[in-house]
Visitor: 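Here it is: the structure, laid out below.
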Amino acid sequence: MSLFAEHLHTVAERFDQALEDTGFESALIYSGQPRVAFLDDNPAPYKVNPLFKYWVPLLNSPKSAVFYRKGSGKPTVYLFQARDFWHSEAKIPEEDWQQQVELKIIENLSQLTDDLGDDLAATAFIGEDFAQPVADWNVKARNPQDLLDYLHFQRAIKTDWEVENLRQANRLAAKAHLAAKRAFFAGKSELAIHAEYLAAMNFRESEVPYNSIVAVNEHSAVLHYDVYDTEPPAEMRSFLIDAGAVYKGYCADITRSYAQEPGFYADLVEALDAAQQELLTEIKPGVNYYDLHVSMHLKIARILKQFGFISIDAESAYQKGITSAFMPHGLGHFIGLQVHDVGGFLKNAKGESYQRSERHPFLRLLREVEVGQVFTIEPGLYVIDQLLEKFAGSTDIHWDKVDQLRPYGGVRIEDSIVVGENGNNENLTRDAFAKLTES
Ligand code: GLY
Ligand code: MN
Ligand code: MN
């Protein structure tokens with residue numbers, strides 16, 4: 001059986017259980033369609049429904065749908081191909097998936113409803129339905145939460161086909177990261193660096209999985225910096241790039257930080273990189289991701305101490321919330337069909353969820369680590385004055401050190417990890433970079 005056929009089998013089994021438990025005979029997963037800008041006829045870039053691409057790697061087929069009848073093991077794909085002389089259709093390569101599904105080409109959505117007839121009344125619809133005729137379809141329920149929870153909980157465990165796609169996505173992104181690094185050291189502007197990033201993978205901007213963060217100097221302290229200067233600054237000190245790629249619908253999310261020259265900031269990058277790699281050795285089935293997050297905070301506290309940012313000991317800096325001012329975001333998140341993949345708060349398939357942590361409100365993964373999960377590990381350390389204000393005047397912090405780091409912004413290192421047995425994990429990101437430097 002091909003990897004895709006195995007994947008499809010797993011997806012079908014998951015839907016079988018989910019539909020059985022939530023009282024539906026079938027599911028209709030609509031791919032979606034582009035939204036049009038206000039008072040305009042220009043469509044925004046189309047983004048496919050993630051649960052549609054879970055079934056078939058079709059990223060550019062709006063107005064299509066997958067119909068799955070409980071227990072059938074085989075979906076029907078209604079592939080929309082309009083007779084339309086204004087536009088050309090996305091090319092769909094001949095691939096294994098076409099052999100594994102029942103494929104029906106439609107040029108009108110009424111062909112789908114005619115084909116399904118009364119079955120629709122026992123069907124759960126999954127997708128966006130802001131437009132006609134989809135909004136009027138006579139389905140049993142639209143996006144029922146219990147069904148979604150069931151599917152989202154199970155999506156945390158990736159199939160081998162999904163892991164292979166994530167591997168390829170990391171290879172694409174790593175190649176582009178190296179092009180961006182070269183552009184930074186060549187003194188290019190943030191916008192020009194991003195153009196090199198896209199060109200290295202042959203992507204248009206709407207195809208990247210999230211707005212790339214391409215930040216020179218103090219811009220790297222802005223966690224989601226994406227406004228891009230069009231001219232390089234007079235002095236290039238530091239570079240942080242957080243940028244991804246997509247392969248068959250699966251996302252990469254990689255961050256690297258670079259120093260222009262040896263010295264204080266370069267040492268800080270090296271220290272955070274070493275701490276991140278040490279943390280990777282703590283990832284084992286049964287460990288709670290929250291505990292990994294706390295462990296990372298303590299490592300950051302030790303770096304703060306080692307580099308002279310704090311006068312107190314590392315443990316006290318954590319207890320007093322000082323590490324949260326330097327690293328406000330979560331250690332990471334699930335990744336897969338979505339960059340911030342779903343299910344990080346779910347306790348079980350029944351939809352019970354963990355309470356968000358008050359101590360670490362931006363941590364979006366609270367589950368126990370399990371074999372087959374894929375998540376990011378992305379510690380950072382930044383000068384964010386809005387957060388440091390809370391400690392203004394405190395002698396716990398050596399402010400001259402903060403002033404020294406401010407012109408460099410911050411540091412973040414982000415890899416994606418596949419959890420294996422007994423800590424035998426795969427680092428998709430570092431493996432991808434290693435493969436490139438070998439070749
Ligand atoms: N690039 C977004 C994130 O790292 O979560
Ligand atoms: Mn991330
Ligand atoms: Mn990222």
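Note that ligands are numbered from 1 as they come in the structure, with each ligand's atoms numbered from 1 the same way.
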Visitor: Work out the angle at the Mn ion (ligand 3) between OE1 of Glu414 and OD1 of Asp253, rounded to 10°.
Guide: 90°
Visitor: Got a salt bridge between Arg167 and Glu426, using NZ or NE/NH1/NH2 to carboxylate O under 4.0 Å?
Guide: yes
Visitor: Need the atom name: nearest N/O/S atom of Glu378 to the Mn ion (ligand 2).
Guide: OE2
Visitor: Could you go through ligand 1 and list every pair where one of its N or O atoms sits under 3.5 Å from a protein N or O, giving the atom names and the distance to one decimal?
Guide:
| unit_1 | atom_1 | unit_2 | atom_2 | d |
| --- | --- | --- | --- | --- |
| ligand 1 | 1 (N) | Asp242 | OD1 | 3.1 |
| ligand 1 | 1 (N) | Asp242 | OD2 | 3.1 |
| ligand 1 | 1 (N) | Asp253 | OD1 | 3.2 |
| ligand 1 | 4 (O) | Asp242 | OD2 | 3.3 |
| ligand 1 | 4 (O) | Asp253 | OD1 | 3.4 |
| ligand 1 | 4 (O) | Asp253 | OD2 | 3.1 |
| ligand 1 | 4 (O) | Glu378 | OE1 | 2.9 |
| ligand 1 | 4 (O) | Glu378 | OE2 | 3.4 |
| ligand 1 | 4 (O) | Glu414 | OE1 | 3.3 |
| ligand 1 | 4 (O) | Glu414 | OE2 | 3.2 |
| ligand 1 | 5 (O) | His333 | NE2 | 3.1 |
| ligand 1 | 5 (O) | His340 | NE2 | 2.7 |

Visitor: Could you point out which residue of Asp149, Thr22, Asp21 forms a side chain to side chain donor-acceptor pair (under 3.5 Å) with Lys350?
Guide: Asp21
Visitor: Among Phe67, Trp161, Phe4, Phe15, find the one that has a ring pair (Phe, Tyr, Trp, His ring centres under 6.0 Å) with Trp55.
Guide: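 Among the candidates, only Phe15 passes.
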Visitor: Is it true that Arg406 and Asp385 make a salt bridge, defined as a side-chain N closer than 4.0 Å to a carboxylate O?
Guide: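 Looking at Asp385 together with Arg406, the answer is yes, because their closest N to O distance falls below 4.0 Å.
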Visitor: Less than 4.0 Å between a side-chain N and a carboxylate O, is that true for Arg302 and Asp313?
Guide: no
Visitor: Assess Asp242: does it contribute an N, O or S atom lying under 2.8 Å from the Mn ion (ligand 3)?
Guide: yes
Visitor: Relative to each other, are the rings of Phe264 and Phe309 parallel, tilted or perpendicular (30° and 60° limits)?
Guide: tilted
Visitor: Going through the distances and angles, do Arg237 and Glu218 end up as a salt bridge (charged side-chain N to carboxylate O under 4.0 Å, His left out)?
Guide: CA-CA 9 Å; Arg237 295 177 288 270; Glu218 52 278 337; 2.9 Å; yes
Visitor: Of all the atoms in His340, is at least one N, O or S atom closer to the Mn ion (ligand 2) than 2.8 Å?
Guide: no
Visitor: Identify each donor-acceptor pair in which a side-chain atom of residues 266-273 lies under 3.5 Å from a protein atom, sequence neighbours left out, and give them as a table.
Guide:
| unit_1 | atom_1 | unit_2 | atom_2 | d |
| --- | --- | --- | --- | --- |
| Asp273 | OD1 | Arg430 | NH1 | 3.4 |
| Asp273 | OD1 | Arg430 | NH2 | 2.8 |
| Asp273 | OD2 | Gln277 | NE2 | 3.2 |

